[in-house]
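Each remark here refers to the structure printed beneath this line.
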Protein chains: 2
Amino acid sequence: MQPITKLVAVQARIMDFISDNKKEITIYDIARELNISPATVSRGLNDHPAVKSNTKKKIVQLAKDLGYQSNTFASNLRKKRTNTIGLILPTINSNFHSSVIAGVEKVANDAGYTLLISQSLEAAGKEAANAKTMFNSRVDGLLVSLAYETNNIEHFQPFINKGIPLIFYDRVFEHKNCTSIVIDNFKAGYEVTQHLISQGAKKLVHITGNLNRNVYADRLKGFKLALMENEIPFSKDNVLAININKEEDLQEAITTILGMPERPDGIFVANDTSAVILIKALKKEKIKVPGDIMVVGFNNDPISKVIEPNLTTVNYPGYEMGEVAARNLINHLNGVMDIISTNTIILRSDLIIRESSLRNL
Amino acid sequence: MQPITKLVAVQARIMDFISDNKKEITIYDIARELNISPATVSRGLNDHPAVKSNTKKKIVQLAKDLGYQSNTFASNLRKKRTNTIGLILPTINSNFHSSVIAGVEKVANDAGYTLLISQSLEAAGKEAANAKTMFNSRVDGLLVSLAYETNNIEHFQPFINKGIPLIFYDRVFEHKNCTSIVIDNFKAGYEVTQHLISQGAKKLVHITGNLNRNVYADRLKGFKLALMENEIPFSKDNVLAININKEEDLQEAITTILGMPERPDGIFVANDTSAVILIKALKKEKIKVPGDIMVVGFNNDPISKVIEPNLTTVNYPGYEMGEVAARNLINHLNGVMDIISTNTIILRSDLIIRESSLRNL
DNA sequence: AAATATATTGCAACCGATTACAAAATTGGT
DNA sequence: ACCAATTTTGTAATCGGTTGCAATATATTT
């Protein structure tokens with residue numbers, strides 16, 4: 001066969017492949033075309049050192065010409081590794097959580113991992129269902145921020161049993177086999193409260209969420225400690241533990257506060273969204289913030305810089321937390337780092353003082 | 001063998017399986033244990049009608065006892081269907097996009113689909129890379145909101161060629177094989193402008209983004225039409241098309257506006273975040289909003305209700321858009337609906353009038 | 001040039017579930 | 001009890017890439 005003729009023939013066959021949109025191009029097609037074995041093609045495509053560079057070049061070129069796309073499933077099936085990491089979180093559409101996702105996605109993507117995301121919508125049942133799906137999808141590792149309602153982590157047991165790394169962040173659960181990534185909520189709560197007291201607050205109230213969740217429980221502990229250190233008596237009235245994501249519950253709490261015989265002069269709210277709603281309500285009642293009542297939030301959401309007065313809050317580094325969680329998981333998966341050795345990672349958080357808590361201006 | 005002995009033996013083997021955490025339980029294990037064929041097990045687990053209900057019961061029970069988990073990859077490989085849908089969007093951590101994700105996730109999850117998410121970070125190159133990954137992962141369908149930079153959709157051609165449904169939302173690209181889901185940006189832009197004019201604005205400025213993107217281009221068209229209809233001359237000075245996601249560029253635009261010989265009295269900004277920054281800058285300059293300058297944003301982000309004055313804006317239903325996009329895709333995948341027949345879906349959007357544009361109070 | 005070492009390639013058995021088709025078991029009717 | 005109709009189960013090929021081991025080709029040494 002003359003070179004030209006041969007070229008034409010190859011071309012024709014290429015066109016055959018391309019036009020026939022029913023069949024996928026596989027390594028077998030490439031192998032046949034090049035008169036080599038599928039094994040070599042597989043190695044060539046994976047840049048295996050034991051393939052002659054010339055052969056490799058031919059393989060890669062033809063693969064490109066034919067528009068070959070590796071079949072992830074066949075590969076995963078055989079390799080028993082999916083290069084996928086799972087992420088289960090309460091809700092996607094909040095500033096904090098979407099920042100976390102962005103951070104995780106960035107790191108995962110750069111490391112060649114695919115990301116599987118699902119939201120529990122704060123329901124334990126859905127969290128369990130999601131976990132099961134993730135397990136079936138054979139994620140290489142799992143990142144979790146627990147649902148509001150979750151009381152135990154039985155539904156994650158299969159991962160633990162199978163040695164699939166499981167990392168909790170934000171809303172964590174203590175477990176000897178799992179790493180937790182958090183900020184020091186205790187310290188943050190303590191600092192917030194100390195700050196309020198240093199600004200002259202005498203009667204403090206803390207509006208918080210489900211105390212089964214570490215984030216809320218720890219902040220409360222910090223709150224209590226600060227009161228104690230300043231010899232301010234603590235009673236149940238100082239804390240309103242509500243379902244902080246439910247606006248009605250929050251409204252009720254606000255009503256409670258407004259109706260208190262002796263109104264508080266410093267309120268520490270466990271998230272910015274709620275703090276902003278509170279401030280708006282106070283302003284409507286002609287109560288001055290910070291003049292009459294100082295308010296501090298938590299998270300450093302964008303709204304905290306928009307509300308007037310600007311809201312004092314705690315910077316909760318979501319994006320960074322996502323990055324750290326993902327990096328940790330991936331390092332562990334790649335054997336760079338042993339995850340068991342690090343049980344808890346604490347990220348830096350900062351009290352950001354703005355007008356809403358500055359009485360001594 | 002006596003019943004009891006047999007039971008013990010089975011128990012023992014079950015324990016064997018469970019304790020041996022190296023090997024996965026497969027349908028072969030179940031088949032061997034039950035003395036039936038793997039085919040029957042497969043059918044039994046999938047509730048195939050041609051399996052005796054008694055056998056089915058036994059299979060399901062043992063599967064449960066052994067902690068069997070179907071191997072998605074083997075299944076996908078064979079079925080050539082992944083029950084996965086891909087989602088590519090510019091950035092995850094914005095109110096609009098995270099709402100979309102939440103909507104998509106909800107629908108996808110309820111329909112038994114898994115969600116694969118990746119962000120382009122507004123870069124065409126990364127968008128292409130993500131598309132390739134999605135393609136290799138054999139997503140059954142793809143939802144896309146284009147990157148700021150993307151100029152063509154060559155990188156999605158493989159999907160189109162292979163007949164994988166591709167749906168654009170928000171930032172779309174006209175293509176005969178693809179459905180687009182949008183709001184009527186033209187109408188919205190027109191309404192915003194009409195509203196400003198009705199409130200007495202005479203000199204209008206529109207701060208917007210990359211005009212290659214439909215969302216910005218269409219709103220500008222609406223802006224222009226409204227001017228024309230009100231016999232307000234249009235010139236280039238009326239439009240500041242910048243990289244609206246870059247704060248520096250926005251600051252520059254604001255400086256430009258402040259330096260204008262004749263200051264505008266109505267500004268239409270293409271997103272709320274930027275509108276809020278603008279308002280804060282104006283307030284710092286002692287320019288009254290809406291007294292001196294009226295401002296309207298776009299998206300109805302949470303901050304729009306926090307800024308003072310509250311921001312007039314256009315409600316952009318992200319969650320709903322996500323739901324619609326996902327539902328459409330899934331219906332098409334399930335053959336319930338033909339996607340080709342619907343080329344464009346327009347969601348309702350509303351002008352939400354708040355103080356920032358109300359001069360006639 | 002023969003012998004040994006090294007670089008490339010091929011063979012064939014996986015990975016685990018699905019499914020067309022064939023075979024066996026059961027049911028029903030006479 | 002016998003045969004056909006119907007259920008139920010089994011056989012075996014298939015999806016496409018990976019990898020241990022064997023075989024062949026090339027390079028190096030003596």
Side-chain angles (χ1 to χ4, degrees), chain A residues 17 20 22-60 62-63 66-84 112 133 135-138 140 162, chain B residues 17 20 22-60 62-63 66-84 112 133 135-138 140 162:
Chain A
F17 276 131
D20 181 0
K22 277 209 159 175
K23 267 179 195 155
E24 303 274 346
I25 310 292
T26 71
I27 54 171
Y28 297 94
D29 299 320
I30 296 174
R32 198 181 328 113
E33 203 66 33
L34 256 34
N35 266 317
I36 56 181
S37 76
T40 303
V41 175
S42 171
R43 294 193 186 99
L45 291 170
N46 289 308
D47 206 25
H48 192 289
V51 176
K52 208 181 357 177
S53 72
N54 188 37
T55 317
K56 208 177 283 182
K57 212 172 293 173
K58 278 195 278 184
I59 293 171
V60 172
L62 184 60
L66 295 179
Y68 167 81
Q69 300 286 351
S70 165
N71 185 317
T72 318
F73 300 108
S75 175
N76 286 345
L77 175 58
R78 181 59 223 245
K79 288 198 296 191
K80 298 195 161 218
R81 197 150 188 275
T82 63
N83 263 50
T84 298
T133 304
F135 190 75
N136 283 353
S137 300
R138 302 290 198 276
D140 290 337
K162 216 178 133 198
Chain B
F17 277 131
D20 181 2
K22 277 210 162 176
K23 267 181 195 153
E24 303 274 347
I25 310 293
T26 72
I27 54 171
Y28 298 93
D29 299 319
I30 297 175
R32 195 178 331 113
E33 203 65 34
L34 256 37
N35 267 315
I36 57 180
S37 77
T40 302
V41 176
S42 172
R43 294 194 188 97
L45 291 170
N46 288 308
D47 207 24
H48 192 290
V51 176
K52 214 195 329 187
S53 72
N54 187 37
T55 317
K56 208 177 283 182
K57 212 173 292 172
K58 278 195 278 184
I59 293 171
V60 172
L62 184 59
L66 294 179
Y68 166 81
Q69 300 286 351
S70 164
N71 184 316
T72 319
F73 300 108
S75 175
N76 286 343
L77 174 60
R78 183 58 222 249
K79 287 197 297 190
K80 300 197 161 216
R81 196 148 190 278
T82 63
N83 261 53
T84 298
T133 305
F135 190 75
N136 283 354
S137 299
R138 302 289 198 280
D140 290 338
K162 217 177 131 198

Counting only side-chain nitrogens and oxygens, does [X] get under 4.0 Å of the OP1 or OP2 atom of [N]?
{"X": "A:N46", "N": "D:dT18", "value": "yes"}
{"X": "A:T55", "N": "C:dT9", "value": "yes"}
{"X": "A:S37", "N": "C:dT9", "value": "no"}
{"X": "B:S42", "N": "C:dA17", "value": "no"}
{"X": "B:S75", "N": "C:dG16", "value": "no"}

Along DNA chain C (nearest heavy atom to each residue), the more 5'-positioned of A:Y28 and A:R138: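 Closest to the 5' end, via its nearest nucleotide, is A:Y28.
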
Residue whose closest nucleotide on DNA chain C lies nearer the 5' end, A:A74 versus B:K52: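 Nearest nucleotide further toward 5': that of A:A74.
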
Just call it for [X]: base, sugar-phosphate, or nothing, with non-hydrogen atoms closer than 4.0 Å on any strand.
{"X": "A:N35", "result": "sugar-phosphate"}
{"X": "A:N76", "result": "nothing"}
{"X": "A:L45", "result": "nothing"}

Nearest atoms (heavy-atom pairs only) where A:A31 meets A:P38: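 Closest approach of A:A31 to A:P38, heavy atoms only: CB-N, 3.6 Å.
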
Distance-minimising heavy-atom pair for A:S42 and A:I27: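 Heavy-atom minimum between the residues: CB-CD1, 4.3 Å.
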
Spacing of A:Q69 atom CD and B:T133 atom OG1 [to the nearest 0.5 Å]: 9.5 Å

Could you give the [atom1]-to-[atom2] distance, from [X] to [N], as a whole number of Å?
{"X": "A:I36", "N": "C:dC11", "atom1": "CD1", "atom2": "C1'", "answer": "15 Å"}
{"X": "A:R81", "N": "D:dG17", "atom1": "CZ", "atom2": "C1'", "answer": "16 Å"}
{"X": "B:I30", "N": "C:dT18", "atom1": "CD1", "atom2": "P", "answer": "11 Å"}
{"X": "A:D29", "N": "D:dG16", "atom1": "CG", "atom2": "P", "answer": "9 Å"}
{"X": "A:F73", "N": "D:dT18", "atom1": "CZ", "atom2": "P", "answer": "14 Å"}
{"X": "A:Q69", "N": "D:dC15", "atom1": "CD", "atom2": "C1'", "answer": "17 Å"}
{"X": "B:N83", "N": "C:dT18", "atom1": "CG", "atom2": "C1'", "answer": "15 Å"}
{"X": "A:N54", "N": "D:dA25", "atom1": "CG", "atom2": "P", "answer": "17 Å"}

If you check the [X] side chain, which of [options] turns out closest?
{"X": "A:K80", "options": "D:dT9, C:dC15, D:dA12", "answer": "C:dC15"}
{"X": "B:K79", "options": "C:dA13, C:dA17, C:dT19", "answer": "C:dT19"}
{"X": "A:R78", "options": "C:dA17, C:dC14, D:dG10", "answer": "C:dC14"}
{"X": "A:T40", "options": "D:dG17, D:dT19, C:dT9", "answer": "C:dT9"}
{"X": "A:A50", "options": "D:dG16, D:dG10, C:dT9", "answer": "C:dT9"}
{"X": "A:I27", "options": "C:dG16, D:dG17, C:dG10", "answer": "D:dG17"}

Check whether the side chains of [X] and [Y] place a donor and an acceptor atom closer than 3.5 Å, and report yes or no.
{"X": "A:S37", "Y": "A:T40", "answer": "yes"}
{"X": "A:R78", "Y": "A:N76", "answer": "no"}
{"X": "A:N136", "Y": "A:R138", "answer": "no"}

Contact nearer the 5' end of DNA chain D, comparing B:L77 with B:R43: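 Whichever sits nearer the 5' end wins; that is B:R43.
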
